[in-house]
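A, B, ... follow the sequence lines: proteins, then strands. Residue 1 opens every chain.
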Number of protein chains: 2
Amino acid sequence: MTHPQIVTEQSPAEKSRLWLRYLQQQGYRITGSRRAVVDALAQAERSLTAADLYEIGRAKHKGLGLVSVYRTLEKLEELGLVQRVHGPGGCHAYISAQDGHNHMLVCENCGRVEMFEGDDLKDFTRNLEKQSGFRIHEHWLQFFGVCTECQA
Amino acid sequence: MTHPQIVTEQSPAEKSRLWLRYLQQQGYRITGSRRAVVDALAQAERSLTAADLYEIGRAKHKGLGLVSVYRTLEKLEELGLVQRVHGPGGCHAYISAQDGHNHMLVCENCGRVEMFEGDDLKDFTRNLEKQSGFRIHEHWLQFFGVCTECQA
DNA sequence: CATTATAATGAAAATGATTTTCAATATCAT
DNA sequence: ATGATATTGAAAATCATTTTCATTATAATG
Ligand SMILES: [Mn+2]
Ligand SMILES: [Mn+2]
Ligand SMILES: [Zn+2]
Ligand SMILES: [Zn+2]
């Protein structure tokens with residue numbers, strides 16, 4: 001448990017392209033509204049709410065409706081491309097998901113998110129199962145603090 | 001990181017009494033509505049939403065209003081007597097809080113919560129701070145699974 | 001115990017976020 | 001280009017939570 005590894009990202013452009021292709025492969029159509037929401041999420045380094053995305057997306061796609069933001073988020077979440085960020089300050093923001101299991105370090109001030117892995121909770125989980133009788137399926141490990149930019 | 005310790009609770013009756021006294025000490029009055037909500041929370045071994053508490057509380061205090069449930073939850077949370085339970089299934093349920101820092105093991109099926117401590121994330125946190133540049137204030141470690149009763 | 005100041009109450013209205021409905025439009029396979 | 005239909009945004013509906021407000025209950029005081 002002493003070796004966190006911060007996960008690095010693809011470029012936003014790459015990410016947008018892959019997501020849109022994936023949406024299409026799943027039988028969804030590529031539209032201006034979806035492109036606007038996908039682009040905003042792919043470029044974001046901080047978590048965004050539906051309202052945030054509405055505002056940002058409107059810059060690219062003039063007529064974007066808030067409804068489409070919700071509908072796009074729903075699909076992206078289903079496909080595992082974005083995930084909700086839960087925290088003491090709220091649970092309604094989304095960020096691009098990583099492949100596989102990993103965890104978040106969240107800035108309490110600006111919402112910036114770093115993903116990391118490298119926790120090693122196998123033994124701890126096994127012991128907790130033994131002590132509690134629970135069958136454990138999943139865990140969350142999250143850290144909250146203030147990012148470098150917000151410290152300045 | 002291999003020694004979780006499940007935290008044991010006071011009796012529900014004891015808990016109710018202490019909470020009500022504490023409310024009074026803080027200048028709040030003890031009323032039927034508050035007693036109903038406090039009793040329900042103190043007896044619960046699973047997390048409860050405002051709607052749950054409204055239903056349960058109504059059994060004790062016929063005229064209980066949903067508004068008072070919300071108002072009581074607000075105060076209990078302020079005083080650190082209850083805390084919100086966040087999980088993949090939702091973030092609007094409350095459970096009695098423990099003194100000091102600890103973590104939750106949540107049943108995905110019935111909402112039962114066990115508290116534990118004994119994680120040791122000091123080194124991990126320090127390393128994560130070094131790698132990320134964040135100043136870390138807080139962490140969440142939660143496990144989700146199925147409790148013994150729900151396995152049967 | 002009776003009086004009293006006021007904290008707390010519940011009903012109803014207001015709010016705010018999300019979802020549903022629906023007629024019009026855009027996408028994409030042909 | 002055409003046509004089937006998935007997607008759209010506006011408006012309405014829904015749902016949880018909060019606010020308002022006139023009434024009631026609490027607890028301190030005499
Ligand atoms: Mn992990
Ligand atoms: Mn801890
Ligand atoms: Zn920040
Ligand atoms: Zn259970």
Does the pair A/Arg17/A/Glu14 count as a salt bridge with the N-to-O cut at 4.0 Å? yes

Side-chain donor-acceptor pairs under 3.5 Å in residues 134-152 of chain A, sequence neighbours left out?
from, atom 1, to, atom 2, distance (Å)
A/Arg135, NH2, B/Gln151, OE1, 3.3
A/His137, ND1, B/Glu108, OE1, 2.8
A/His139, NE2, A/His101, NE2, 3.1
A/His139, NE2, A/His103, NE2, 3.2
A/His139, NE2, A/Asp119, OD2, 3.2
A/Gln151, OE1, B/Arg135, NH2, 3.2
A/Gln151, NE2, A/Val146, O, 2.9
A/Gln151, NE2, B/Gly133, O, 2.9

Pairwise distance CZ(B/Arg34) to CG(B/Leu23) - rounded to 0.5 angstrom: 6.5 Å

Full working for side-chain hydrogen bond (donor to acceptor under 3.5 Å, both in side chains) between A/Gln26 and A/Glu78: CA-CA 11 Å; A/Gln26 299 302 308; A/Glu78 269 170 30; over 6 Å; no

A/Glu74 with A/Arg71: basic N within carboxylate O range, under 4.0 Å: no

Output a table of nitrogen or oxygen pairs between the protein and nucleotides 3-5 of chain D separated by less than 3.5 Å.
from, atom 1, to, atom 2, distance (Å)
D/dT5, O2, A/Arg29, NH1, 3.1
D/dT5, O2, A/Arg29, NH2, 3.4

Is it true that atom CD of A/Glu129 has more than 12 heavy atoms of other residues, nucleotides or ligands lying nearer than 6.0 Å? yes

Between C/dT6 atom C1' and B/Ile30 atom CD1, what is the distance in whole Å? 17 Å

Given D/dT8, is OP1 or OP2 found less than 4.0 Å from the side-chain N or O atoms of A/Thr31? yes

Would you mind reading off the distance between B/Leu73 atom CG and C/dA8 atom C1', rounded to a whole angstrom? 16 Å

If you count heavy atoms of other groups shown closer than 6.0 angstrom to CD of A/Gln131, is the number above 12? yes

With ring centroids as reference points, do A/Phe124 and B/Phe116 lie under 6.0 angstrom apart? yes

Specify the residue among B/Tyr28 and A/Lys75 whose closest nucleotide of DNA chain D lies further upstream toward the 5′ end. A/Lys75

Once you round it to whole Å, what is the distance between C1' of D/dT8 and CG of A/Leu23? 16 Å

Is the shortest side-chain N/O distance from B/Gln24 to OP1 or OP2 of D/dT26 below 4.0 Å? no

Which letter, B, S or -, goes with each nucleotide of nucleotides 9-18 of chain D from 5' to 3', with contact meaning a protein heavy atom under 4.0 Å? BBB----SSB

When rounded to the nearest 0.5 angstrom, what distance separates CG in B/Leu20 from CG in B/Asp39? 6.5 Å

Nearest whole angstrom, please: distance from the C1' of C/dA7 to the CD of B/Gln26. 15 Å

How many whole angstroms separate atom NZ of B/Lys62 from atom P of D/dA25? 13 Å

